[in-house]
Amino acid sequence: MDEKYFPEQIENKWQQQWAEAGVFEAKENDPREKFYALEMLPYPSGFLHMGHVRNYSIGDALAWFKRLQGLNVLHPIGWDSFGQPAEQAAIKRGVNPREWTETNIAHMRGQLQRLGISYDWSREIAAHRPDYYKWDQWFFLKMLERGLAYKKNSQVNWCPKEETVLSNEQSSGGICWRCGTQVEKRDLEQWFLRITNYAEQLVADIRQIEAGWPEKVLKRQRDWVGRSEGAFIDFQIKDSDKKIRVFTTRIDTIYGATAIVMSAEHPLLDEILEGSTLKADIDAFATKVAQERAARVDEAEEEKEGLNTGVLAINPFSGETLPVWVANYVLMEYGTGAVMSVPGHDERDFEFAQKYSLPIRQVIAPVSHDQIQAEPVPTTAGDASAEMRHSFTDYGVLINSGEWGGKLSEVAVKEMADYAKAHGFGEAAVTYRIRDWGVSRQRFWGAPVPVIYCSNCGTVPVPYEQLPVVLPPTAAFTGTGESPLAGVPEFVNTTCPNCDAPARRDTDTMDTFVDSSWYFFRYVDARNENAPFNPELTRQWTPVDQYIGGDSHAVMHLIYTRFWTKFMRDLGLVDFDEPVKRLLTQGMVTNLVEGTDEWKAMSKSLGNGVDPDEMIAAFGADATRLFVLFAAPVENELRWSESGIEGAVRFLRRVYTMVWRWHERLSNGSREAGASEFSADARALRRKTHQTIAKITSDFEHLHLNTSVAALMELFNQLSDFNGDPAQASESDVFAVREALEALVIMLAPFAPHIAEEMWQGLGHAGGLLTDARRWPDADPELARREELEIPIQVNGKLRSRVIAPPGVSEDELRESALADERVRALIDGREVVKVIVVPERLVNVVIR
RNA sequence: GCGAAAGUGGCGGAAUUGGCAGACGCGCCAGACUUAGGAUCUGGUACCGAAAGGUGUGGGGGUUCGAGUCCCCCCUUUCGCACCA
């Protein structure tokens, strides 16, 4: 090692050695316990940003830790390389998406390598290459075979700016998830995947991962699936054989229904209004609602509006006739697109009824023991609108409900659904908010949908042996909204696999979330040409032990990949339900926006970005990574600070200098503890060493990396205090220093691997830190134990003194020495000692009066 | 509006089961070495107070010998959801 710390030199040296020795390449035939550490694969935009650096530094620390602990670690990386930016670049600047993407990947790979992230590059994948997307297509065909992929003409979310279809998740809130543009609705033939078939499992299996996933992610997933238990009820239309089906979670309130309210988009409307003089009005209303919804910019709720259709429906329980309304607050996308309006017991219905003077009827009374009822309970089934100021939405006891009166809501909910089923006008039902996953994209830069349309045979799947359906080299990027592939005759025109007649290919490509739904299974067997992966190998490596990424993927990616895993399980490719055991959603990296005092996520448009390359050049990869991990807990926002990173270099340089001072003495001296006794200082150093080992080892369990770094600094500080002259040091001192310094170097490796390797070598070790042997030190609890305890003494809860006591001191002894303490005696003099609380080995509290 | 999480020095943040609040770092102050210091090293650094001592974990109450930690009310911030029947 050199006397001075030159990060660039050391980092180049070790990056080269690691690559040559292939130390990060995971081997299958390895008997050691496996660990799969995974970070979300990046989109190759061209440049790494600090969010990536944080993500990969966390993952790398864990990967190193597990390797040093002697585990067989799989730590791969790849590229989410299909997607819109490449195509935008093609449209705007005429560059070829493939070349653009490959150039970006090459650049970013270089950046990752300069950061020294310990990836197994031999398993690198890229979604845009035919050897990868072939398997997207393969999975698509499997879905098709099993009826999980289907085509339907549907209203889809359309982003006018990006000229493409978006999934429901991608257009959440009516705006495009990428560009923020107001989303429109369009009618298009689209491929869908039946994720709804798995809705129940997506909720139920959450309990398998509860322990390892952040609750906030699971909550969002539960909300997305939106499971809701209730009942369907059919309301017969008066003087007609048509029925309106409603979904309700509160069938117990059905005697309180005073209207049926349908969505303005409800397909049944046309039928039931046939010949009605109001039809034109209703149509106009429907158009208006659609427009208002599309134009809604602010997030506020619209005022409820509705229109009476003049049609009447019959309440199957009470036989009563109810008016049928349409209203803007009933959504076609949820439930059945129609509700029974129970203003007495539903806030929205209440508001609606108030506005349109519909009757309000109370049919549930609160079950209260001693509490005065807030609302009067009418004894007749009359209109209660005058008395009620709010709806009463709690469960209670049924009143004004015919033969059901007196039953508790909980009971009625079940029995009334059974009754409806027995009489053929409804049944208990579970609905879900989640809808099927629309995967068609009118895009060039994606995996082509492997389907052929033949005028004789109809829709024909591309035979497996003809996969992959390869993208043409280029196309005309007009940005017209039609897939550019439609303008490439060599691609479109083909022959029917069935009858050899001329036929046309599907010109849509798949949503890029398809690529990322299964990519981490491909890492396991990245070069397999005959299958997406070998199930034997996935059995060895998956599920993923720890997945790390931003929480922006809490719903889309992470729900799709859970769905995909369940599908692969049904195909027999994997034998578990959940792909990821533990998930960490790391916080954002923010920086001050110039001219303000606001911390915002780094971005080009705000001009507050920090270039990782510049940081590496100025401070080194090790210091950059160390700072990123030290500056904040991994799940918190990380506020960038240039002076903070300087502190990290300072620390590394100090450690390096200390190793330099000792390295000759340590690499020659005896490795035995020797017969001589340890001095008090040496014992204290050893204590700190073993305490630190214990602390960091357990911190890794919860990825408390910031406190691990702090512990390393503490150990170093104690070493500095110990120090002394290496040439004069006794054998036992040398032993204590070696123990501390070697532990420090090894435990630094997950945070700053290059300098750790360099120092390890400097301390006289050949062959690098990573071998098959378990190198992580073990904490010896005996050595970590304190020799004497400083026990705080409180009087009436206030700290007044301290006494020194040996470990294992008895409660009586502690009490005695506390009461004998001079300062305590002065305070209790002339007062009555009420009691003395002794917390063994920790604290004494003398209570006086 | 609903839901969740969080509020600790000038800043980022530490603090097993309630038991010494402020670890570690940044910044700042003083000193040393220096032609110089935005390098390095040493020491100091919650607040008030000359000191003794007192006060302190968003605010108010409570439980307890003892509360950053537990309970209740309120305030603020961030995030998520937004008519889900």
Side-chain angles (χ1 to χ4, degrees), chain A residues 172-174 214-217 219-220 223-228 230-231 246-251 253 257 261 263 293 296 299-304 327-331 333-342 345-349 351-352 393 431-434 551-552 554-555 587-588 599 626-627 630-633 635-648 650-651 653-654 657 695 698 704 706-717 720 790-802 833-849:
Chain A
S172 161
E215 183 48 43
K216 61 176 176 174
V217 172
K219 186 189 181 302
R220 287 182 66 185
D223 288 349
W224 269 112
V225 178
R227 185 181 192 279
S228 179
V246 305
F247 176 71
T248 180
T249 54
R250 293 299 303 273
I251 192 173
T253 66
V261 185
S263 162
R293 184 145 302 163
R296 193 169 70 174
E299 306 205 323
E301 224 166 74
E302 285 164 33
E303 185 170 353
K304 291 183 179 44
N328 61 348
Y329 76 98
V330 177
L331 308 174
E333 307 84 66
Y334 186 77
T336 60
V339 300
M340 61 180 201
S341 179
V342 185
H345 304 284
D346 180 283
E347 255 331 303
R348 296 150 303 177
D349 295 338
E351 204 184 308
F352 190 68
T393 56
T431 62
Y432 301 90
R433 195 187 86 129
I434 194 170
D551 69 358
S552 52
V555 273
M588 285 191 312
W599 293 86
L626 184 71
F627 169 67
F630 174 60
E635 64 278 4
N636 279 25
E637 172 188 342
L638 174 97
R639 298 185 164 191
W640 188 255
S641 141
E642 191 103 351
S643 51
I645 194 171
E646 283 165 16
R650 205 143 49 212
F651 171 67
R653 197 180 297 128
R654 284 183 194 143
T657 304
K695 159 90 176 143
S698 80
H704 291 165
N706 57 323
T707 51
S708 290
V709 177
L712 287 173
M713 290 172 169
E714 282 188 56
L715 175 58
F716 172 78
N717 290 345
S720 306
E790 202 183 51
I791 307 291
I793 311 297
Q794 299 180 337
V795 176
N796 280 353
K798 291 193 176 169
L799 179 69
R800 296 301 182 180
S801 188
R802 297 163 205 277
V833 175
V834 181
K835 58 174 154 177
V836 180
I837 312 270
V838 180
V839 183
E841 299 203 329
R842 295 207 79 150
L843 171 139
V844 180
N845 189 10
V846 182
V847 186
I848 58 173
R849 189 156 37 207

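Quick caveat, the model's predicted, so the values are computed rather than measured. All heavy atoms count here, side chains included; hydrogens, waters and symmetry mates do not. In what follows, chains carry the letters A, B, and so on, assigned in the order in which the sequence lines appear, proteins first and then strands, with residues in each chain numbered from 1.
Among the atoms of the strands shown, only primed sugar atoms or phosphate atoms (P, OP1, OP2) are found under 4.0 Å from some heavy atom of A/Arg220. A/Gly647 comes within 4.0 angstrom of sugar-phosphate atoms only, judged by non-hydrogen atoms across all strands, and of no base. Within 4.0 Å of A/Val339, counting heavy atoms only, lies at least one base atom of the nucleic acid. Among the atoms of the strands shown, none is found under 4.0 Å from any heavy atom of A/Asp551. Heavy atoms of A/Asp349 sit nowhere under 4.0 angstrom from any nucleic acid atom.
Side-chain contact between A/Val709 and A/Phe627 is absent, with no heavy atoms from C-beta onward closer than 4.5 Å.
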Completion exercise
Counting primed atoms, P, OP1 and OP2 as sugar-phosphate and everything else as base, the B/S/- map of nucleotides 1-12 of chain B against protein heavy atoms under 4.0 Å is --S--------B
Exercise for the section: Can you check each nucleotide of nucleotides 51-58 of chain B against protein heavy atoms at under 4.0 Å and return B for base, S for sugar-phosphate only, - for none, in 5' to 3' order? Expected result: ---SS---
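Using atom C1' as the reference point in both B/U64 and B/U17, the two lie 16 Å apart (nearest Å). For the P atom pair drawn from B/A21 and B/U69, the interatomic distance equals 14 Å after rounding to whole Å.
Because its glycosidic torsion is within 90° of 0, B/G9 is reported here as syn.
Secondary structure note: stems in RNA chain B built from 3 or more consecutive Watson-Crick or G-U wobble pairs under 3.5 Å occupy B:1-7 with B:75-81, B:10-12 with B:24-26, B:27-32 with B:40-45, B:46-48 with B:53-55, B:58-62 with B:70-74.
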